[in-house]
Amino acid sequence: MDVFWYALVGLLLAGYLVLESIDFGVGMLIPFAESEAGRVRLRRTVVPLFLVNEVWLVAFGGLMFGALPLLEGELLHAQRIPIVVLLCAWFLRDAALWFRHASPGAAWRRAWDAVLPVSSLVLAAGWGVVLATLVRGLSTGGDGRADATAGDVFHPFSLLCAALVVVAALRQGALFAGRGLPEGDALGARLGRTAKVLTPVLAGLLLVTAAVGAAVTDSPVVVGVATAVAAVSVYASHLVRGTGRVVPALLLGGAPLLALPVMVGFAHGSTVLATRSGEGDLALSRAIADSASLGLLSVTVLPTLIAVALGQVWIWREFGRPVVRPA
Amino acid sequence: MNVVDLARLQFAVTATLHFLFVAVTLGLVTVVALMQTRAARTGDPDLRASRMRRVRFWGGLYVINYALGIVSGLTQEFQFGLNWSGLSHVLGNIVGTPLAIETIVAFFLESTFLGLWAFGFKRVRPKAHLALIWGVTLTAYISTFWIMVVNGFMQKPVGYAKRDGVAYVTDWGAILTNGATWYALFHIIGAVALLAGLILAAVSAHHLRRDRDIAFFRPTLRQGSVLAGVGAVVAVGAGFIHLDALKGSEPEKWVVLMGESGEEVEKARVAAQAAHGPGDWMPPAWVAHASLAMLLIGMLLVALAWIPATAVRGKDPEASVSRRRIRLWLPIILLPLGFVALICGWLSREVGRQPWMVTGELTVRDAIGDVSVSGMTVSFVAFTLVLGVLALVDWMLMVRYARLGPDAGLLGDTDLFPDGPDKGRPADDDSRKPSAADVPVSY
């Protein structure tokens with residue numbers, strides 16, 4: 001049963017990354033829109049949806065604290081600075097989406113138009129780095145606890161994974177925002193071209209990640225299989241996109257984002273927080289909460305998660321449809 | 001400053017911000033849900049349209065405020081792991097579950113319902129739309145309940161046993177029925193009603209003083225004043241009952257909050273040393289001032305919050321009341337006092353618990369994670385800067401929105417709170433809307 005809770009926590013993080021990658025991508029694409037109408041339209045594609053996407057991370061944090069209380073403490077201790085940066089970027093991204101239209105001045109909007117892409121970029125790259133350090137295994141700090149040092153954060157593998165998430169998110173954002181735009185729409189054409197150009201870039205990045213990952217991690221097979229599946233999915237996404245079906249293209253395009261948490265899980269098995277030296281790592285059996293807590297969680301949280309998942313499907317159907325306005 | 005001071009300061013800054021915005025959220029969402037219920041109950045299309053206009057205006061204020069409630073709440077969620085990992089090491093089994101339920105059952109659902117409601121005015125059927133705002137309201141209170149379960153446990157730990165230095169739950173029933181949770185919950189419900197009422201009254205009075213939208217703001221001045229008065233009575237009543245209960249559960253806090261001195265304090269000090277061993281187990285004496293300020297403001301509000309309602313007596317809904325100056329100024333003066341009382345209440349409860357994180361079980365010093373001074377400084381400076389700036393911006397936006405009045409349109413976003421199909425946008429009433437020239441493009 002312990003593995004079930006660990007997998008559920010991982011699933012929530014994966015759900016967050018796949019869904020929010022669209023918001024990160026659209027956020028980073030804001031400077032690509034040349035007119036105010038284009039920026040308004042890009043923002044509108046994610047505005048009601050980013051709330052229901054980001055709550056997956058809230059649920060991830062909450063369930064981790066409930067089901068794996070020691071992991072929460074150790075993970076955030078090890079990743080302190082990256083997490084602080086991610087949280088601040090998250091707040092600023094949300095503020096940019098909420099506040100951009102709250103005041104009419106042009107300078108006001110320009111300011112948020114700068115905050116939005118930068119914070120989205122930091123979020124996408126930051127998640128790539130955090131997950132990459134977990135795949136590779138953390139350093140052991142002077143106190144014998146796991147620690148993501150500057151060497152871990154700026155390791156070539158971390159930077160590669162950062163680029164991977166950024167490019168995958170850009171491609172998802174371009175696919176998502178480009179849906180339903182009329183033939184000959186200038187912004188639509190640009191978004192289409194962007195997605196097309198990013199496909200081979202993403203595939204190439206996945207291959208390099210596989211090669212570097214094989215060299216610098218202890219689990220070359222896991223990294224190799226995960227990146228290969230992701231590369232095939234991206235190619236399939238490209239083909240499906242060509243036939244005009246955007247939803248399956250988006251689902252397949254999310255594979256690189258799914259690959260990272262999958263790698264963390266499979267590379268280290270029941271070691272929920274791995275260090276390269278083995279000192280300071282955390283085993284699942286030690287991290288898991290006691291059975292009374294898990295019992296209460298399973299009668300409260302599980303039914304809610306199912307209800308929320310159904311609710312989210314409804315929201316995506318209601319609000320995920322492309323909104324096309326005359327520019 | 002050492003790590004403990006920095007971590008405490010960081011918690012105090014972020015929690016105070018969070019508490020201020022969340023208290024407004026809780027109170028306003030209840031008011032908006034009631035307004036929308038009234039609108040749904042009438043069969044008269046004109047009456048419904050005018051009531052829905054109220055829902056949109058006050059709902060808009062609520063939504064702007066909610067933005068900061070979310071981001072400051074996220075800081076709280078991750079702060080436990082970042083700074084207070086001692087808590088999860090010793091008491092993770094107990095505080096982890098309520099916090100997990102809070103984030104998933106309550107917050108996950110609340111945000112989902114809120115997004116649907118705010119953007120669903122035209123897309124969701126009216127009955128489902130009404131159900132959504134009640135969903136937001138209900139989950140917001142469930143959220144409060146679970147947070148107060150944790151907080152109640154920290155004040156007065158019950159229903160657990162310790163093995164090898166780690167606490168395990170023995171009785172969820174005792175944890176969920178903890179008096180320290182429930183007294184505080186009633187106190188908070190009174191306080192949020194008080195705040196929402198003061199906001200309603202202050203914004204309404206602002207417009208009535210200028211004879212703007214008289215028919216729109218007359219009822220809300222009355223409702224706000226009455227709500228604030230009732231909230232003040234509930235908050236003060238629950239506060240007194242709570243204070244009395246402290247005598248048994250947290251005697252050290254009780255003597256300090258009561259402003260006792262000399263012999264009484266010494267008695268509590270000796271008793272605490274007998275229970276917990278040598279050391280200073282008394283909260284800092286200055287909390288007594290915060291407690292006294294809260295008490296005085298509470299009494300003042302019980303006496304005065306009702307008075308503005310009398311300014312709108314009379315049958316004619318369009319009649320000007322702007323000459324009743326003092327009564328229209330009153331809620332504008334009382335509103336900041338309400339916020340001061342809220343912060344003083346937080347200080348009384350949380351600083352009054354010092355030096356304990358969990359009374360008798362875990363000190364704040366031991367609850368703190370193993371973090372370097374520089375690491376703690378980085379997070380303190382970053383969160384304070386980002387949240388501080390965003391809170392200021394958000395507050396400014398709320399004030400601006402409230403001053404623009406009911407037809408300014410929320411966040412300039414036509415899909416957010418559009419005028420319903422029942423009523424056209426009053427296009428000819430442009431006087432207080434941002435002029436077209438300010439908006440680079442119309443959409």
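Below, read A as the first sequence line, B as the second, and so on, with proteins coming before strands; counting in each chain starts at 1.
For the pair Asn93(B) (side chain) and Asp290(A) (backbone), a donor-acceptor distance under 3.5 Å is present.
With a 4.5 Å cut-off on non-hydrogen atoms, Met376(B) touches chain A through its backbone and its side chain both. The contact between Glu74(A) and chain B is made entirely by side chain atoms (from C-beta outward), counting heavy-atom distances below 4.5 Å. At a 4.5 Å heavy-atom cutoff, the contact between Leu63(A) and chain B is made by backbone and side-chain atoms alike. Of the two parts of Leu387(B), only the side chain, counted from C-beta on, holds a non-hydrogen atom closer than 4.5 Å to a non-hydrogen atom of chain A. For Ser293(A), the parts sitting under 4.5 Å from any heavy atom of chain B are the backbone and the side chain alike. For a residue to count as touching a neighbouring chain, one of its non-hydrogen atoms must lie under 4.5 Å from one of that chain's; by this rule Thr170(B) does not touch chain A.
Summarising the geometry of Arg80(A) relative to Ser379(B), their closest heavy-atom pair is NH2-OG, 2.8 Å, with the distance given to 0.1 Å. Taking both residues in full, the closest heavy atoms of Trp172(B) and Ala292(A) are given as NE1-O, 3.7 Å, listed atom of the first, atom of the second, then distance. Minimum interatomic distance between Cys88(A) and Ala382(B) (heavy atoms only, all atoms of both residues): SG-CB, 3.8 Å.
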Go through Phe78(B) and Trp90(A) one step at a time and tell me if the side-chain contact (heavy atoms from CB on, under 4.5 Å) criterion holds. CA-CA 13 Å; Phe78(B) 288 93; Trp90(A) 185 8; 4.0 Å; yes
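Across Val393(B), Leu116(B), Val386(B), the residue that shares the most heavy-atom pairs under 4.5 angstrom with chain A is Leu116(B). Heavy-atom pairs under 4.5 Å with chain A were tallied for Leu390(B), Ile104(B), Ile70(B); the largest tally goes to Ile104(B). Of the listed residues (Val124(B), Ile94(B), Asn83(B)), the greatest number of heavy-atom pairs within a distance under 4.5 Å of chain A belongs to Asn83(B). Each of Ile101(B), Val95(B), Val169(B) has some count of heavy-atom pairs under 4.5 Å with chain A, and the biggest count is that of Ile101(B). Of the listed residues Thr103(B), Val389(B), Val378(B), the one with more heavy-atom pairs under 4.5 angstrom with chain A than any other is Thr103(B).
Using the six-membered ring where Trp is involved, Phe383(B) and Phe91(A) have ring planes that are tilted, between 30° and 60° apart.
Residues of residues 52-59 of chain A lying under 4.5 angstrom from chain B, judged on non-hydrogen atoms, are Val52(A), Glu54(A), Val55(A), Trp56(A), Leu57(A), Val58(A), Ala59(A) by number. For residues 138-150 of chain A, heavy-atom neighbours of chain B at less than 4.5 Å comprise Asp143(A), Arg145(A), sorted by residue number.
From Gln79(B), atom CD reaches atom CG of Leu87(A) across 10.0 Å, with rounding to the nearest 0.5 Å.
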